[in-house]
2 protein chains.
Amino acid sequence: MSDAILDKDLVIVRVAELYYEEGKTQDEIGALLGLSRFKVGRLLTEARTAGIVRIEIVHPRARRLGLERELRERYDLSEAVVVPASSDSADDLKRVARAAADQLTTLRPVPDTIAVSWGRTLTAVAAELKEGWARSVKVVQMNGGVSVNRRPGSASSLATTIARKASGQAVLLPSPAILDRLETKLAIESDRTVAGVLAQASEADVYLFTAGVCDYNSAHVENGYLNHEDVDELARRGAVGDVLGRYIDADGNIVDPELDARTVGISLNRLREATSSVFVTVGENKHDIARTVVSSGMCSTVITDEMTARALLEEL
Amino acid sequence: MSDAILDKDLVIVRVAELYYEEGKTQDEIGALLGLSRFKVGRLLTEARTAGIVRIEIVHPRARRLGLERELRERYDLSEAVVVPASSDSADDLKRVARAAADQLTTLRPVPDTIAVSWGRTLTAVAAELKEGWARSVKVVQMNGGVSVNRRPGSASSLATTIARKASGQAVLLPSPAILDRLETKLAIESDRTVAGVLAQASEADVYLFTAGVCDYNSAHVENGYLNHEDVDELARRGAVGDVLGRYIDADGNIVDPELDARTVGISLNRLREATSSVFVTVGENKHDIARTVVSSGMCSTVITDEMTARALLEEL
DNA sequence: CACTCAGTTGCTCATATGAGCAAAAGTTGG
DNA sequence: CCAACTTTTGCTCATATGAGCAACTGAGTG
């Protein structure tokens, strides 16, 4: 092949095939093709760099470590977990939930208390956790509203499920998410029971939360806390979504202070100050609020799908 | 992770990710995960074996070396070339043609004379050959019919194209593929010009041919040598297709000796006796005739697409 | 509880490969 | 045609990895 008219690409392809498919050594390939083993090595490196050789990890537990590192660096996070895109995007919620379950299971030191929010995403995480994922963790609800749960068959809330699977204790927040009048909210937050739960939430070792989208499909609308006019008004004020029931704009600022004052739960600053605040998010409709959360310091760990990760890494 | 509830698959995936995506050594991975480097090595081997790590050669020039070896062994071939399936199967003809062109270019010793048949497959091969693919090769037509070419714009036959690109000489066979009467055929084959060309074809170093399917789309029907009744009769007699215009059954036997006697060109036994007979075939409609060619010793080299190769390797 | 057998582990030593460097080869401009 | 610069090559030496083996561990049986 030394004086044949074959171009370089063909040589690279042959070398890659002999090495990866035939299992031949670089020495053997060099002898076969009349090249030095050093040249063969360089061609293999070029084949990998140019994408002619593609090495892919194919497994439900696989991650995208390169994207994870980029996310950590871009947003100064202590941890990022990215689940590869799959051919069945309906599967993404389950796979991100499983990755979140894996991450919780490997938290070190094992937390005494975890504060959790609620929503479909965290419900999936609770479902993916294995029995005995930890030993005796107290799971505290950190924002209101879980009692207004209309889904039939969901007898135990996600906080209860997470706690049960760790042979731990669930501490539920017996309060609506949003009160009609400020006075009522202040009264409830002063009540010893509610105040005690909020205090335990504020002292948690780990915060686990997701975010909501500011649209008509919102759990707040579904559960009667907001109506369509409310949502329109919030969107008009620039809300991209809610964290712990608190509606924020792209910069992470509360868009409606009056509404916020009537909302029950710990403050967003508590997430910013926390040593370990874990944010789980899936889906294109949440890209805007996801960007806000990671860029305004509300989380130390993000767990998400590949499409969301790529969106977060795009220049705006 | 030594006492975590994570299962083995998760460990394998993490190890594979750290090695192939992060470029860490087995030593480094072992230190990170609390495993020996020997254990890490075994997990990587298992990841490759189990298909969790997939290494693929992605390039228009790529081949399927494993299938090639299986074909060589199954059919006692000296060479087999298999082109990977692509997402655009319309592209297969071009890619197989390119692989055939590559193969011709690397023939050693460089042949003095090549005998060729005709058809769309070889036309594509001629198109894929580079200028100067060889130096001064004589290309001889070994079966009749090329002159009855109705395709507009195809000013030079494939034999002429192959010869020109090698700065060589084309020797065309000035004869119809099939004669109406046996006497006419005998007369033409005795003519000094035609007899000389057939003699040169019989003495070629390399034979390059494809096969035709026994159906209404056949080039013989298109060119008026056969009509639909003829095709029906051939099929009734068990014909799976034609090689050099000669219709054969699954065992490689001539199905209509009378028709065969009126057909102009070298015999199929000459292909069987040749040192180097190269068979190029693409497409599912040719699987049956392809199987006949490779299993009845008509070729020493087969060049085909992945689907055909897999069909040829299937047990019947 | 002890024995046997199968599977797994960590090791030594040999082999395979890569990094960095000096020399050689190729290209470009005057 | 020659000089200067860039690119490529082959090498030495260090590192990374695998094969084969002995020892260890776990499971099953009497």
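Not measured: the values here are computed from a predicted model. Heavy-atom basis, side chains included; hydrogens, waters and symmetry copies ignored. Chain letters run A, B, ... following the sequence lines, proteins first and then strands; every chain starts at 1.
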ask   = Do any side-chain nitrogens or oxygens of A:S36 fall under 4.0 Å of OP1 or OP2 in D:dG10?
value = yes

inquiry  = Please determine whether a side-chain nitrogen or oxygen atom of B:Y19 lies at a distance below 4.0 Å from atom OP1 or OP2 of D:dT17.
reply    = yes

ask   = Given atom CG of B:L44 and atom C1' of D:dG18, what is their separation to the nearest angstrom?
value = 12 Å

request  = Can you tell me the distance, in whole Å, between the CG atom of B:L43 and the P atom of D:dT17?
outcome  = 14 Å

query = To the nearest angstrom, how far is A:D27 atom CG from C:dT15 atom P?
reply = 11 Å

message = Within a 6.0 Å radius of atom CZ on B:R74, are there more than 12 heavy atoms belonging to other residues, nucleotides or ligands?
response = yes

request  = Give a yes or no on whether a donor-acceptor pair under 3.5 Å exists between the nucleobase atoms of C:dG10, that is its base, and the side chain of B:R42.
outcome  = yes

key: Between C:dC11 (P) and B:L35 (CG): distance, integer Å   = 13 Å

key: Salt bridge flag under 4.0 Å for residues A:D91 and A:K94   = no

query = For B:Q26 and D:dG18, is the shortest distance between a side-chain N/O and OP1 or OP2 below 4.0 Å?
reply = yes

query = Taking the side chain of A:R37 as its heavy atoms from C-beta onward, which of C:dT12, C:dT17, D:dT9 lies nearest to it?
reply = C:dT17

remark   = note: A:I12, atom CD1; D:dT8, atom P; distance rounded to Å ~ 12 Å

query = Roughly how far apart are B:M307 CE and B:R310 CZ, rounded to 0.5 Å?
reply = 7.5 Å

ask   = Do A:E56 and B:V53 touch side chain to side chain, with heavy atoms closer than 4.5 Å?
value = no

remark   = In whole angstroms, the gap separating P of D:dC11 from NZ of A:K39 amounts to 15 Å

note = With the side chain defined as heavy atoms from C-beta on, B:F38 is closest, among C:dT17, C:dT9, D:dA19, to D:dA19

key: For atom CD of A:E46 and atom P of D:dT9, their distance in whole Å   = 10 Å

ask   = Hey, does the side chain of B:S277 reach the backbone of B:A274 with a donor-acceptor pair shorter than 3.5 angstrom?
value = no

query = To the nearest Å, how far apart are A:E28 CD and D:dG18 C1'?
reply = 14 Å

